[in-house]
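Could you have a look at this structure, given as structure tokens, before my questions?
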Amino acid sequence: MASLQAIYNEQVLPKLKEELKLTNNLSVPRIEKVVLNMGLAEAAGNKEVMAKAAEQLAAISGQKPRVTKAKKAISGFSLRQGDEIGLAVTLRGKKAWNFLEKLTIIVLPKMRDFRGLTTDKFDRAGNYSLGIAEQVLFSEVDYSKVDKVRGLVVTIVIKNSDPEKSKKLLEQIGVPFRKV
């Protein structure tokens, strides 16, 4: 079976170029990066939570996550500026393509009551964000070591695009969208 990146280069790129009436390969929409983000509000008071979540996110992504910190203090949430409140990983190149392949073929079909992704999660630049409610959907996470089910947000950053072009690209690489 060909990799998702090979399918993009051999089949999707020429097809998109023709559909969108583009003359240059570099002007065709393409996957720039995939960003995984996990918010951990409870980690502000408990460093152990951050370590466990970092281990799980590293297993999912294949690289060490960076810690994100609070930009502002919010007294209602007992949050101070600079508190560690999340984790993020940016995947580029082959790692991004491998993650997308795993996401579309293995993870999304395992979601409960999954009927396809909604098309209203595109931003103005054509990037797509989706939330995954449980990190245990990824086979790399050892279920026996999970202390609490946590969600994560996956953002697919697409270059040279808008929502229409991005939807065409994602559909052609196999991302399942909900039929309206």
Side-chain angles (χ1 to χ4, degrees), residues 3-5 31-159 166 170 173-178:
S3 73
L4 198 58
Q5 189 172 13
I31 307 291
E32 184 177 356
K33 61 186 173 184
V34 176
V35 180
L36 309 176
N37 188 2
M38 188 180 276
L40 301 166
E42 72 268 21
N46 188 353
K47 299 291 180 197
E48 202 173 292
V49 170
M50 186 69 75
K52 285 182 181 180
E55 183 182 313
Q56 292 167 3
L57 194 56
I60 290 169
S61 65
Q63 72 187 47
K64 185 181 175 198
R66 65 178 157 71
V67 176
T68 56
K69 297 182 179 188
K71 292 179 182 176
K72 293 187 207 174
I74 303 171
S75 62
F77 295 117
S78 301
L79 188 65
R80 289 185 295 229
Q81 185 176 358
D83 280 354
E84 297 178 347
I85 57 166
L87 297 166
V89 175
T90 302
L91 303 172
R92 297 175 192 274
K94 193 161 182 66
K95 283 186 178 183
W97 284 105
N98 290 341
F99 180 81
L100 278 176
E101 191 168 356
K102 177 175 54 174
L103 182 73
T104 56
I105 295 171
I106 300 168
V107 177
L108 292 177
K110 283 170 58 174
M111 290 174 80
R112 186 178 300 135
D113 298 330
F114 182 70
R115 292 183 186 87
L117 299 174
T118 61
T119 57
D120 62 343
K121 303 293 184 210
F122 287 100
D123 64 9
R124 277 183 262 137
N127 304 320
Y128 189 79
S129 295
L130 71 125
I132 297 177
E134 303 172 339
Q135 84 275 31
V136 294
L137 291 173
F138 291 91
S139 57
E140 297 86 0
V141 176
D142 185 9
Y143 191 73
S144 63
K145 293 182 180 177
V146 173
D147 58 332
K148 180 180 174 189
V149 175
R150 293 183 181 84
L152 62 132
V153 176
V154 177
T155 303
I156 303 166
V157 179
I158 301 170
K159 196 170 187 169
S166 294
L170 292 175
I173 62 171
V175 175
F177 283 102
R178 190 172 290 160

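Remember, predicted model here, so these are calculated numbers, not experimental data. Sequence positions, counted from 1, serve as the residue numbers for this chain.
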task: Specify the closest pair of heavy atoms between A58 and P65, including all atoms of both residues, with the distance to one decimal.
output: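 What the structure gives for the nearest pair is CB-CD, 3.9 Å.
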
field: Minimal non-hydrogen separation, T118 against R178, with atom names
entry: CG2-NH1, 3.2 Å

- request: Can you label the angle between the F99 ring and the F138 ring as parallel, tilted or perpendicular, going by 30° and 60°?
  value: parallel

Qualifying residue for side-chain contact (heavy atoms from CB on, under 4.5 Å) with R150, from V49, L57, I132, L87: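 Looking at V49, L57, I132, L87, the match for R150 under the side-chain contact (heavy atoms from CB on, under 4.5 Å) is V49.
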
- request: Answer yes or no: does atom NZ of K121 have more than 12 heavy-atom neighbours from other residues, nucleotides or ligands under 6.0 Å?
  value: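 Open: at most 12 neighbouring heavy atoms sit under 6.0 Å from NZ of K121.
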
query: Any side-chain heavy atom of P176 sitting closer than 4.5 Å to one from F114?
result: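 Yes - at least one pair of side-chain heavy atoms lies under 4.5 Å apart.
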
From CA spacing to verdict: side-chain contact (heavy atoms from CB on, under 4.5 Å), L170, I158: CA-CA 10 Å; L170 292 175; I158 301 170; 4.1 Å; yes

statement: Output for pair (S61 OG, L36 CG), nearest 0.5 Å, gives 6.0 Å

Spatial distance of atom CG (L108) from atom OG1 (T104) [nearest 0.5 Å]: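 Output value for this atom pair is 7.0 Å.
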
statement: Separation between CG (L103) and CG (L117), nearest 0.5 Å, reads 7.5 Å

- request: Kindly indicate whether the side chain of K102, heavy atoms from C-beta on, has any atom under 4.5 Å from the side chain of E140.
  value: yes

query: For V154 and V34, what are the C-alpha separation, side-chain angles and deciding distance, and is it a side-chain contact (heavy atoms from CB on, under 4.5 Å)?
result: CA-CA 7 Å; V154 177; V34 176; 3.8 Å; yes

- prompt: Taking side chain as C-beta onward, heavy atoms only, is T90 less than 4.5 Å from R66?
  reply: yes

message: If I take atom CD from residue Q5 and atom NZ from residue K94, how far apart are they, to the nearest 0.5 angstrom?
response: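 Rounded to the nearest 0.5 Å, the CD-NZ separation comes to 6.0 Å.
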
statement: Closest heavy-atom pair, P109 versus I105, reported as atoms and distance to 0.1 Å, is CG-O, 3.5 Å

query: How many angstroms lie between CE in M38 and CG in L40, if you round to the nearest 0.5 Å?
result: 6.5 Å

query: Is there a side-chain contact between L100 and I156 (heavy atoms, below 4.5 Å)?
result: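 Yes - at least one pair of side-chain heavy atoms lies under 4.5 Å apart.
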
- prompt: Would a 4.5 Å heavy-atom cut-off, applied to side chains only, mark Q63 and K95 as touching?
  reply: yes

Side-chain donor or acceptor of N37 paired with backbone N/O of A88 under 3.5 Å: no

task: Please confirm whether the backbone N or O of E32 pairs with a side-chain atom of K159, one donor and one acceptor, at under 3.5 Å?
output: no

field: Sidechain-backbone polar pair: K33 side chain, T155 backbone, donor-acceptor under 3.5 Å
entry: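 No, K33 side chain to T155 backbone: no donor-acceptor pair under 3.5 Å.
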
